[in-house]
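The first residue in the sequence is number 1, and the count goes up from there.
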Amino acid sequence: MPIRTVATKPYGDQKPGTSGLRKKVPHFQQENYAQNFIQAIFDAANANAGGGDGRTLVIGGDGRFFNAEVVRIAIRMAAANGYARIVVGQNGILSTPAASNLIRKRGASGGIILSASHNPGGPNGDFGIKYNVGNGGPAPEGVTADIYTRTKTIAEYRIVEEEAPDLSAIGEHRLGDSTVEIVDPVADYATLMETIFDFDKIRAAIAGGLTLRFDAMHAVTGPYAHEILEKRLGAPAGTVLNGKPSEDFGGGHPDPNVVWAAPLVDLLMGPTAPDFGAASDGDGDRNMILGRGIVVTPSDSLAILAANAHLAPAYRQGIAGIARSMPTSQAADRVAKKLGVGMYETPTGWKFFGNLLDAGKVTICGEESAGTGSDHVREKDGLWAVLLWLNILAVRGASVAEIAADHWRTYGRTYYQRHDFEEVDAAAAEGLMESLRDRLASMSGQRFGSLIVQEADDFSYRDPVDGSVSTGQGVRIVFSGGSRIVFRLSGTGTVGATLRVYLERYEPDPARHDLAVEDALAELIGIADSVGEIRQRTGRTQPDVRT
Ligand code: VG1
Ligand code: CO
């Protein structure tokens with residue numbers, strides 16, 4: 001079988017961010033742009049984590065514009081780079097958690113996931129490529145750094161002459177010396193969910209009148225939700241909204257938050273609200289959770305899920321520990337303390353949870369950005385969170401609002417919000433962070449209004465398993481009483497810089513658990529603007545998105 005070696009030139013801008021390489025589609029469509037990155041992945045995998053040489057590779061993506069084309073290229077390049085078996089989701093589709101599951105289940109040495117997650121799609125939208133390693137999780141920083149290094153000097157890539165098989169044809173196909181296996185993207189994942197949750201109990205609750213809506217936002221979770229929620233759990237047709245994936249997500253952002261999932265939020269706040277509402281993102285790893293009259297903040301959802309996980313069969317024995325990304329609120333810390341289990345604070349991005357999960361130090365992980373998951377895979381998992389909530393609702397027989405209020409009575413309430421300033425001038429954003437870092441040492445003990453700074457630092461993390469160190473992960477200002485302001489720059493944007501400001505205030509007094517979030521955080525928002533010099537350096541008076 002002829003393998004073609006194609007000469008190419010480096011682009012120099014293929015540095016993976018928080019979650020792989022993300023660029024605009026036209027940028028990705030430049031000659032050999034995707035090929036360069038994929039060859040660098042295979043070369044880095046061979047050098048670091050085990051790549052081709054007779055092993056298995058999983059390939060799939062969220063179905064956005066350009067997905068199928070890159071899937072076919074990746075298949076042909078994998079065949080030319082020594083992979084014996086290439087497992088591909090039908091029509092090139094795999095949600096991120098389903099891909100993670102397949103990598104683990106098939107003993108693959110890794111997987112390529114094509115997605116730009118919650119970013120918009122279409123011919124002028126975003127595209128992304130991410131490499132996951134043999135544990136099913138995102139490649140650790142050492143591997144992504146090596147991939148980047150290789151993209152800077154790449155001179156050629158390898159690809160088989162032959163075309164990739166028809167992506168719709170389930171079954172095994174030969175390509176060069178490799179077997180390409182096209183699989184149903186939903187089946188293995190749905191089976192995994194049945195081993196974790198009490199499907200009988202959830203089915204009975206739905207049959208008994210528990211009502212729900214799931215908004216797939218025209219993205220990858222549509223087929224998964226139809227199969228699991230409607231077919232296997234018996235929710236009526238129409239439970240899944242926007243369940244047909246489209247290449248441009250119906251023209252919206254597949255981002256499950258109050259801005260982009262506003263119709264679902266309106267439904268849950270209105271007179272015809274079901275008991276439970278949820279949404280997921282482009283690639284199916286995020287979740288938004290709502291109850292009648294309530295949006296559950298992701299940080300609270302993490303804490304509530306951790307506190308109630310034992311109600312689902314897979315976690316009946318209890319959880320080993322909890323991990324959260326640094327900007328995620330400390331609500332989960334209070335649960336870990338009460339349960340007497342370990343609590344880990346990691347940099348932003350799911351890759352930092354992998355070692356903790358592999359070592360059995362934690363069972364549940366989460367991020368403030370609507371990501372929650374457990375040791376069942378090595379990615380965050382939107383439908384998993386939905387099913388754990390449903391399992392808890394079915395067992396407790398209480399409403400979402402009652403469960404949240406009960407949680408706050410037990411642990412106190414952590415008011416929380418993230419403010420995003422998007423498409424800010426990159427130099428201005430860097431300058432803002434630089435200035436904050438310069439002033440960190442002098443902040444300790446300083447008073448702002450009613451708050452005194454207890455400590456301020458630029459977060460760095462030492463992985464307790466492999467000892468690797470990640471520095472510069474965000475400026476953290478902690479006030480006495482546990483309030484925090486965190487500043488960091490996004491690593492997933494494709495235009496300019498996105499400044500994220502995370503605000504958090506702890507309120508133990510149950511008499512003050514029904515404040516409006518904006519009111520509860522008003523003082524912190526003012527302090528963030530003045531300390532961060534946001535207005536002065538970016539010209540922005542208001543964030544673009546509050547989540
Ligand atoms: C954002 C979130 C982060 C998440 C990442 C990938 O990163 O803040 O928590 O892990 O997106 O999510 P950043 O660097 O833009 O803040 V997704 O659903 O790509 O896979
Ligand atoms: Co995502």
Side-chain angles (χ1 to χ4, degrees), residues 18 141 297-300 302-303 322-334 336-337 343-353 356 365-369 371 414-421 429-464 468-492 497-507 520-521 523-534 537-538 543 546-547:
T18 314
E141 281 201 318
T297 304
S299 292
D300 271 351
L302 170 66
I322 309 172
R324 63 162 172 83
S325 65
M326 180 274 279
T328 305
S329 96
Q330 298 161 95
D333 302 34
R334 299 184 180 97
K337 196 168 172 210
M343 182 73 221
Y344 298 84
E345 185 175 39
T346 61
T348 295
W350 210 262
K351 58 175 160 253
F352 294 101
F353 296 136
L356 296 170
C365 306
E367 296 192 274
E368 51 65 41
S369 53
T414 308
Y415 287 100
Y416 186 87
Q417 219 171 44
R418 183 178 95 186
H419 290 189
D420 293 336
F421 299 81
E430 295 288 351
L432 182 152
M433 292 302 297
E434 209 37 62
S435 160
L436 273 167
R437 287 193 195 99
D438 289 345
R439 285 177 283 132
L440 282 174
S442 64
M443 277 185 208
S444 201
Q446 217 174 310
R447 172 181 278 281
F448 294 93
S450 70
L451 298 168
I452 297 169
V453 177
Q454 202 170 50
E455 70 182 294
D457 68 354
D458 187 6
F459 183 61
S460 78
Y461 176 70
R462 186 175 185 281
D463 186 298
S468 59
V469 174
S470 306
T471 57
Q473 297 295 324
V475 164
R476 186 166 61 158
I477 304 173
V478 183
F479 300 90
S480 43
S483 290
R484 297 196 313 174
I485 301 174
V486 171
F487 295 86
R488 65 177 279 280
L489 299 185
S490 157
T492 58
T498 294
L499 170 69
R500 302 204 197 283
V501 182
Y502 310 79
L503 308 141
E504 169 179 357
R505 177 185 141 196
Y506 180 55
E507 182 52 74
L521 297 175
E523 184 173 27
L524 282 168
I525 293 169
I527 297 172
D529 183 48
S530 66
V531 175
E533 302 169 346
I534 298 173
R537 287 177 178 273
T538 68
R546 292 184 176 84
T547 51

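- Side chain of Gln473 to main chain of Tyr461: no donor-acceptor pair is present (N/O by atom type, distance under 3.5 Å, no hydrogens or angles).
- Residues meeting the salt bridge (Lys or Arg N to Asp or Glu O under 4.0 Å) test with Arg505, sequence neighbours left out: Glu507.
- Not counting sequence neighbours, the partners of Asp420 by the side chain to side chain donor-acceptor pair (under 3.5 Å) test are Arg418, Arg500.
- Glu367 has no carboxylate O lying under 4.0 Å from a charged side-chain N of Arg324, or vice versa, which leaves the two without a salt bridge.
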Exercise. Run the numbers on Leu503 and Tyr415 for side-chain contact (heavy atoms from CB on, under 4.5 Å), then give the verdict.
Key: CA-CA 8 Å; Leu503 308 141; Tyr415 287 100; over 6 Å; no
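- For Gln417, the side chain to side chain donor-acceptor pair (under 3.5 Å) partners are His419, Glu518, not counting sequence neighbours.
- Rounded to the nearest 0.5 Å, atoms CG (Leu489) and OG1 (Thr348) are 11.0 Å apart.
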Quiz prompt | Test side-chain contact (heavy atoms from CB on, under 4.5 Å) applied to Leu432 and Glu533, step by step | solution = CA-CA 7 Å; Leu432 182 152; Glu533 302 169 346; 5.6 Å; no
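- The structure places CD of Glu434 at 9.5 Å from CZ of Arg537, a figure rounded to the nearest 0.5 Å.
- Leu356 CG to Asp463 CG: the interatomic distance, rounded to the nearest 0.5 Å, is 6.0 Å.
- Within the 4.5 Å cutoff, no side-chain heavy atoms of Phe459 are placed close to those of Val486.
- Contact of the Glu523 side chain with the Ser483 side chain is not registered, since no non-hydrogen atoms from C-beta on lie closer than 4.5 Å.
- Of all non-hydrogen atoms in Gly532 and Leu436, the two that sit nearest each other are CA-CD2, 4.3 Å.
- Ring geometry, Tyr502 versus Tyr416: the interplanar angle falls from 30° to 60°, so the pair is classed tilted.
- Nearest approach of Gly474 to Asp458, heavy atoms of both residues: O-OD1, 3.2 Å.
- Under the 4.5 Å side-chain criterion, counting only non-hydrogen atoms from C-beta, Arg334 is in contact with Tyr506.
- With contacts defined as side-chain heavy-atom distances shorter than 4.5 Å, the pair Leu524/Leu451 qualifies.
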Practice problem: Give the C-alpha distance, both sets of side-chain angles, the deciding distance and a yes or no for side-chain contact (heavy atoms from CB on, under 4.5 Å) between Glu345 and Arg476. | Solution: CA-CA 12 Å; Glu345 185 175 39; Arg476 186 166 61 158; 2.9 Å; yes
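- The shortest distance between side-chain heavy atoms of Glu141 and Ser468 does not fall below 4.5 Å.
- For Ser299 and Thr297, the side-chain atoms include no donor-acceptor pair closer than 3.5 Å.
- Counting all heavy atoms, side chain and backbone alike, Leu302 lies closest to Ala332 at CD2-CB, 3.8 Å.
- Here the shortest heavy-atom pairing between Ile452 and Gly445 reads CG2-O, 3.7 Å.
- Side-chain atoms of Phe448 and Val453, non-hydrogen and from C-beta on, do get closer than 4.5 Å to each other.
- A donor-acceptor pair under 3.5 Å is formed between the side chain of Ser444 and the backbone N or O of Gln454.
- Considering all non-hydrogen atoms of both residues, Phe352 and Ser470 come closest at CE2-OG, 3.4 Å.
- Residues Glu504 and Glu368 are not in side-chain contact: their nearest non-hydrogen atoms beyond the backbone lie 4.5 Å or more apart.
- Side-chain atoms of Arg447 come within 3.5 Å of backbone N or O of Gly449 as a donor-acceptor pair.
- Between Thr18 and Gly349, the shortest heavy-atom contact is CG2-CA, 3.8 Å.
- Within a 6.0 Å sphere centred on CD of Glu430, other residues, nucleotides and ligands contribute 12 heavy atoms or fewer.
- Looking only at side-chain heavy atoms (C-beta outward), Phe479 and Ile527 come within less than 4.5 Å of each other.
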